[in-house]
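Heavy atoms only: backbone and side chains are in, while hydrogens, waters and symmetry mates are out. Note that the numbering runs from 1 along the sequence shown for the chain.
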Amino acid sequence: MKAKRLLMVILAIAMMAVMAIPASAATQSTKTYKGTVKVDAEMDDEWKYAEEFTANEHESNHWTASTDPKTSSMKMRTLWDEDYVYVWCEITDPTVVTTKRASLWATDCMIYHLDYANDKTSGGFDANKAGYLYATAGEGLVQTSMVWEGAKEAFKYAQKMTSTGWIIEMGIPAKAIGFTIKEGDKLGFEPQYNDSNDSSASGGRVGLCTWNLKGAGGYNNTSLYGTLELSGVSPNKPSDKPVEDKPTEKPTESSPATSDNMVVFALLGAAALAGAAVVSKKRG
């Protein structure tokens with residue numbers, strides 16, 4: 001009996017120990033289907049077949065945690081082709097600030113971090129890893145990381161204001177930067193929205209909104225990024241192949257021989273019935 005109680009106590013302690021182990025946070029990921037769009041801040045039909053995901057992580061371990069109103073969020077979609085990674089982002093922000101400031105992150109702006117190697121390391125940026133770009137609500141695309149500067153003309157960018165915030169559509173070059181991308185590749189990706197609610201000269205950043213990132217360490221730590229999984233054409237997209245009409249089956253026509261046989265069988269049946277009637281009458 002004592003042994004049984006001791007075993008139960010040991011099991012209870014073991015279960016409590018397992019429950020006390022913190023669960024590791026899963027890396028955010030999304031399927032990025034193949035498709036090409038015109039970058040003009042208008043939603044092409046191609047975007048309707050892309051996976052939508054929400055970036056709504058407000059930082060609790062950053063100095064903005066005490067000032068963040070947590071009113072900003074992002075609804076995003078991504079696509080790719082051999083030349084570009086395309087990003088569609090609808091930003092919800094009740095107070096869009098377009099004030100130009102010396103520090104880009106101190107005004108309303110989007111930072112896209114993209115790691116074509118997806119090596120998830122804590123190192124900084126170099127030509128074999130990743131880059132970033134800044135787009136502000138007031139000025140549009142204003143800066144890319146140094147390793148991307150040589151291909152700055154290849155970037156595609158458009159934005160527009162909405163009743164609930166603003167929209168950014170982006171084409172981030174792959175081939176022009178020197179990367180070959182294909183179906184099955186995984187890319188490190190992290191959007192970061194810097195939120196400022198004060199348009200005065202003394203205003204600054206009050207909050208952060210991200211996807212997988214916890215804090216503002218995306219500028220030098222690619223291990224904090226989420227993942228884009230490059231896939232084929234969306235299964236929800238209608239096929240471009242024309243639907244082939246099935247040949248119409250003609251009704252089967254009785255051949256003359258078949259019709260003649262039916263007549264013969266009918267006559268024989270009638271004769272048999274007549275014969276049976278005669279025999280029956282004689283017996284009667």
Side-chain angles (χ1 to χ4, degrees), residues 27-55 74-91 110-120 125-135 140-160 166-193 211-212 218 222 225-242:
T27 300
Q28 298 275 17
S29 64
T30 186
K31 285 189 176 181
T32 298
Y33 293 118
K34 192 171 186 182
T36 303
V37 293
K38 180 182 178 181
V39 178
D40 56 3
E42 299 293 335
M43 182 173 274
D44 296 358
D45 285 343
E46 196 74 34
W47 282 122
K48 298 174 183 177
Y49 308 115
E51 272 197 4
E52 182 178 273
F53 59 98
T54 301
M74 297 175 282
K75 287 197 299 186
M76 309 192 71
R77 302 171 191 238
T78 55
L79 291 168
W80 73 282
D81 59 24
E82 285 77 7
D83 298 316
Y84 285 90
V85 174
Y86 301 97
V87 183
W88 174 272
C89 181
E90 297 178 35
I91 301 166
M110 172 65 71
I111 308 175
Y112 287 139
H113 308 88
L114 186 62
D115 180 8
Y116 281 107
N118 192 39
D119 51 9
K120 297 284 194 290
F125 296 100
D126 62 43
N128 297 319
K129 286 188 177 181
Y132 62 86
L133 56 92
Y134 276 88
L141 179 60
V142 290
Q143 181 182 321
T144 66
S145 57
M146 193 172 293
V147 297
W148 287 357
E149 281 293 326
K152 194 170 182 178
E153 296 302 317
F155 282 79
K156 297 180 179 181
Y157 182 87
Q159 72 179 55
K160 72 175 182 180
W166 52 306
I167 288 173
I168 296 176
E169 187 174 18
M170 189 85 208
I172 304 174
K175 189 176 291 185
I177 296 176
F179 290 96
T180 300
I181 54 177
K182 62 186 184 303
E183 184 177 347
D185 285 353
K186 293 183 178 181
L187 312 181
F189 177 70
E190 187 61 39
Q192 175 184 319
Y193 184 60
W211 182 37
N212 189 74
T222 63
Y225 299 174
T227 304
L228 303 183
E229 301 174 359
L230 303 192
S231 305
V233 177
S234 169
N236 299 320
K237 184 179 179 181
S239 175
D240 293 331
K241 295 181 180 179

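Partners of Val233 by side chain to side chain contact (heavy atoms under 4.5 Å, CB included), not counting sequence neighbours, listed by chain and number: Lys237. With sequence neighbours left out, Asn236 forms a side chain to side chain contact (heavy atoms under 4.5 Å, CB included) with Tyr49, Ser234. Taking Glu183 as the reference, Trp80 meet the side chain to side chain contact (heavy atoms under 4.5 Å, CB included) condition, with sequence neighbours excluded. Take Tyr33 and apply the ring pair (Phe, Tyr, Trp, His ring centres under 6.0 Å) test, not counting sequence neighbours, and it matches no residue.
Classification of the Trp88-Trp47 ring pair by plane angle, with boundaries at 30° and 60°, yields tilted.
Between Tyr86 and Thr32 there is no side-chain heavy-atom pair separated by less than 4.5 Å. At a threshold of 4.5 Å between non-hydrogen side-chain atoms, the residues Tyr193 and Cys89 do not count as touching. Annotation: side chain of Tyr84 is not in contact with side chain of Val37 (no heavy-atom distance under 4.5 Å). Counting only heavy atoms from C-beta outward, the side chains of Tyr225 and Trp211 never approach each other to under 4.5 Å. Taking the side chain as every heavy atom from C-beta outward, Met43 and Ile167 never approach each other to under 4.5 Å.
The number of heavy-atom neighbours closer than 6.0 Å to NZ of Lys186, taken from other residues, nucleotides and ligands shown, is 12 or below.
A salt bridge (Lys or Arg N to Asp or Glu O under 4.0 Å) check over residues 168-181, counting only residues at least two apart or in different chains, returns the pairs Asp83-Lys175.
Under the 3.5 Å distance criterion, with hydrogens and angles disregarded, no donor-acceptor pair is assigned to the side chains of Asp185 and Tyr116.
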Sequence neighbours left out, cut at 3.5 Å: what donor-acceptor pairs do the side chains of residues 152-159 make with other protein atoms?
from, atom 1, to, atom 2, distance (Å)
Tyr157, OH, Gln159, OE1, 2.3
Gln159, NE2, Ala137, O, 3.0

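For the pair Lys31 and Glu229, the salt-bridge criterion is not met [side-chain N within less than 4.0 Å of a carboxylate O].
Here the CD1-OG1 distance, from Ile172 to Thr78, works out to 10.0 Å after rounding to the nearest 0.5 Å. Once rounded to the nearest 0.5 Å, the distance linking NZ of Lys75 with CD of Glu52 reads 5.0 Å.
Annotation for Thr30 and Glu51: closest pair OG1-OE1, 3.0 Å, computed over non-hydrogen atoms. Pro191 and Met110 make their closest contact through CB-SD, 4.2 Å (heavy atoms, listed as atom of the first residue, atom of the second, distance).
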- Message: Between Glu46 and Lys34, is the salt bridge (charged side-chain N to carboxylate O under 4.0 Å, His left out) condition met? List the steps.
- Response: CA-CA 9 Å; Glu46 196 74 34; Lys34 192 171 186 182; over 6 Å; no
- Given the rule in the side-chain contact (heavy atoms from CB on, under 4.5 Å) test, do Ile111 and Leu133 qualify, once you have shown the distances and angles that lead to the verdict? CA-CA 6 Å; Ile111 308 175; Leu133 56 92; over 6 Å; no
- Apply side-chain contact (heavy atoms from CB on, under 4.5 Å) to the pair Gln143 and Tyr132, showing each step before the final yes or no. CA-CA 8 Å; Gln143 181 182 321; Tyr132 62 86; 3.8 Å; yes
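No donor-acceptor distance shorter than 3.5 angstrom exists from the side chain of Asn118 to the backbone of Thr227, with no hydrogens or angles considered.
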